[in-house]
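A short worksheet on the structure shown next.
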2 protein chains.
Amino acid sequence: MAERKRQLVADELRDAALMLLATRGFDAVTVDDIVAAAGMSRRTFFRYFASKEDVVVQFLADMGTDIIAGLAARPRTEPPSVALRHAFWVPLAACTDHEDHAERARIVARLILDTPALHARWLERQIQWRSALTAELAVRHSLDPDTDPYPRMAAGMALLAFDTVLHQWPAGGDEQRLAELTDRAFAVVAPALDALTASHNAG
Amino acid sequence: MAERKRQLVADELRDAALMLLATRGFDAVTVDDIVAAAGMSRRTFFRYFASKEDVVVQFLADMGTDIIAGLAARPRTEPPSVALRHAFWVPLAACTDHEDHAERARIVARLILDTPALHARWLERQIQWRSALTAELAVRHSLDPDTDPYPRMAAGMALLAFDTVLHQWPAGGDEQRLAELTDRAFAVVAPALDALTASHNAG
DNA sequence: CTAGTCGTGGCACCGAGTGTCAAGAGATGC
DNA sequence: GCATCTCTTGACACTCGGTGCCACGACTAG
């Protein structure tokens, strides 16, 4: 009951923020502007979001856990490139499901790529995902993540593919090409990802 | 003449900052602490460094340009993995040349990896390098960096290898292993980097 | 000795983010 | 219905990073 109200307030804040940020740009909007538009106090804003950047980046909060869970759900017999591509594709496809959700996601993507401060936060988030992915890949292939560079770098390559897709997405127009972009990006890193099976058996 | 004094002041500031930051931690040291230790005014600090993070990150300013220049200097007949590994190895080896310079570099590396704010800046710097590397790789292989994902991802993979080396460097003890770490890291991404020659001729 | 230039310090200011406290809205118990 | 307890909110004050502005002092040219 109180939880719904909390979510409602957060949504109100987030919508007001996204609208202002997308139109005026990140740096030209202060937190006071946002709370004025949402009709709340400055202090309340920081109770719901840890920082101004957080309003935008929190948008991708669940995506990370979904990716990890998706990877864990893939059968271990699958080559790394395939398992990782599927794990990343699921939340990416979810973004394009709902019409308004997709448009908002593109706004967020643009905003993140255009704003240095947000880009930095997005990169930090990526690093968190990479840590989790590294751990998952380590157990998946029975490797020590501290000594063997493969798990960390495999996770990094998957994120690199994901980042490339995100970079090309707002630029192009069609949404259907998202799948194609994803396939092409993962195809580039696939040779290195799947070279594990040989080097693993060898080393 | 005046240039030497500028450099002298900057060094003074940087040394004082690094000493405090390394011992007390990044967040526990204010700019006022730094300028007090260096015997200068707060305003002067920001004339030499754009931000508190900049004191640490500027340490790696020249490295990026060196890497790009190093890549441009490699013969085009070289496979991408070899050319990139050499380009990254040169400034990395330079860090280990001078004794004190090496120790300071390790302090900086630790500081960057341990501090979220600095880590974010380092990632931003990496992105700048990636842009330059992408452009260089694009002309190097006659590809369009906007449509073909390879240049961007190849640059990203090289940086991923570099980042992995930096991550493993302060953890281990020996400096001689730096070359070994670099070789191993680049060996992981080499299959994807050198798959270009086949896909390029095919596509 | 004077005039122009440049680095510097001091000051005021903005914006992000935090701690603290009082007031109000509900839910609960009598 | 009323007291009470809790949870959220708003307001104020404060710290700190960062910037604009201006005046002072040093250094140089004529």
Side-chain angles (χ1 to χ4, degrees), chain A residues 1-18 20-21 23-59 61 111-112 115-122 124-125, chain B residues 1-18 20-21 23-59 61 111-112 115-122 124-125:
Chain A
M1 44 189 79
E3 192 60 33
R4 294 180 192 277
K5 188 174 181 180
R6 263 195 76 84
Q7 191 60 39
L8 209 71
V9 173
D11 287 354
E12 196 85 16
L13 237 18
R14 183 176 44 74
D15 288 349
L18 244 57
L20 286 176
L21 294 175
T23 57
R24 278 197 248 164
F26 186 82
D27 293 327
V29 177
T30 69
V31 176
D32 295 87
D33 295 337
I34 297 172
V35 297
M40 304 179 191
S41 90
R42 174 185 170 71
R43 197 63 187 83
T44 300
F45 177 90
F46 285 107
R47 275 197 195 90
Y48 284 88
F49 303 99
S51 66
K52 201 172 80 169
E53 290 99 350
D54 204 43
V55 189
V56 185
V57 178
Q58 205 191 66
F59 214 79
L111 210 50
I112 288 177
T115 311
L118 286 176
H119 202 275
R121 289 291 178 128
W122 158 237
E124 278 188 293
R125 180 78 55 160
Chain B
M1 44 190 77
E3 191 60 32
R4 293 180 195 277
K5 189 175 182 182
R6 261 195 77 82
Q7 191 61 39
L8 210 70
V9 173
D11 287 354
E12 195 86 16
L13 237 18
R14 183 176 44 75
D15 289 348
L18 245 56
L20 287 175
L21 294 176
T23 56
R24 277 197 249 164
F26 187 81
D27 294 327
V29 177
T30 69
V31 176
D32 296 87
D33 295 337
I34 297 172
V35 297
M40 303 182 192
S41 90
R42 175 185 171 72
R43 196 66 189 82
T44 300
F45 177 90
F46 285 108
R47 267 193 264 270
Y48 283 88
F49 303 99
S51 66
K52 199 172 82 169
E53 290 99 352
D54 206 42
V55 188
V56 185
V57 177
Q58 206 192 64
F59 215 79
L111 209 50
I112 288 177
T115 311
L118 287 176
H119 200 274
R121 288 291 179 130
W122 158 238
E124 279 188 293
R125 180 78 56 161

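Chain letters run A, B, ... following the sequence lines, proteins first and then strands; every chain starts at 1.
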For this session: Among C:dA16, D:dC12, D:dT19, find the nucleotide with the atom closest to the side chain of B:Phe46.
Result: D:dT19
For this session: Check every atom of D:dG18, D:dG20, C:dA16 against the side chain of B:Arg43 and return the nucleotide holding the closest atom.
Result: D:dG20
Problem set entry | Angle between terminal axes - the helix from C:dC1-D:dG30 to C:dC30-D:dG1, 5 pairs each end, rounded to 10° | 10°
Seminar exercise, completed: In short, A:Phe49 meets A:Asp54 closest at the heavy-atom pair CA-OD2, 4.0 Å
Seminar exercise, completed: Against the side chain of A:Thr30, the closest entry in D:dG10, D:dT9, C:dA16 is C:dA16
Problem set entry | Side chain B:Ser41, main chain B:Arg43, donor-acceptor under 3.5 Å | yes
Exercise. Taking the side chain from B:Thr23 and the backbone from B:Leu20, do they hold a donor-acceptor pair closer than 3.5 Å?
Worked result: yes
Exercise. With distance as the sole criterion, do the side chain of A:Arg42 and the base of C:dA16 form a donor-acceptor contact below 3.5 Å?
Worked result: yes
For this session: For the side chain of A:Arg6, starting at C-beta, report the closest nucleotide among D:dG10, C:dT8, D:dT8.
Result: D:dT8
Problem set entry | Closest listed nucleotide, where the reference is the side chain of A:Tyr48 and the choices are D:dT9, C:dA16, C:dT8 | D:dT9
Problem set entry | Proximity to the side chain of B:Lys52 - top-ranked nucleotide from D:dC21, D:dG10, D:dG18 | D:dG18
Seminar exercise, completed: B:Asp32 atom CG is separated from C:dG10 atom C1', nearest whole Å, by 13 Å
Exercise. What's the CZ-P distance between B:Arg24 and D:dC16, to the nearest Å?
Worked result: 12 Å
Exercise. Any side-chain heavy atom of A:Arg24 sitting closer than 4.5 Å to one from A:Asp33?
Worked result: yes
Exercise. Between C:dG17, D:dT19, D:dT9, which nucleotide has the shortest distance from any of its atoms to the side chain of A:Ser51?
Worked result: C:dG17
For this session: Describe the nucleic acid contact of B:Val29 in one word from base, sugar-phosphate, nothing, applying a heavy-atom distance below 4.0 Å.
Result: sugar-phosphate
Exercise. CZ of B:Arg47 versus C1' of D:dG17: gap in Å, rounded?
Worked result: 16 Å
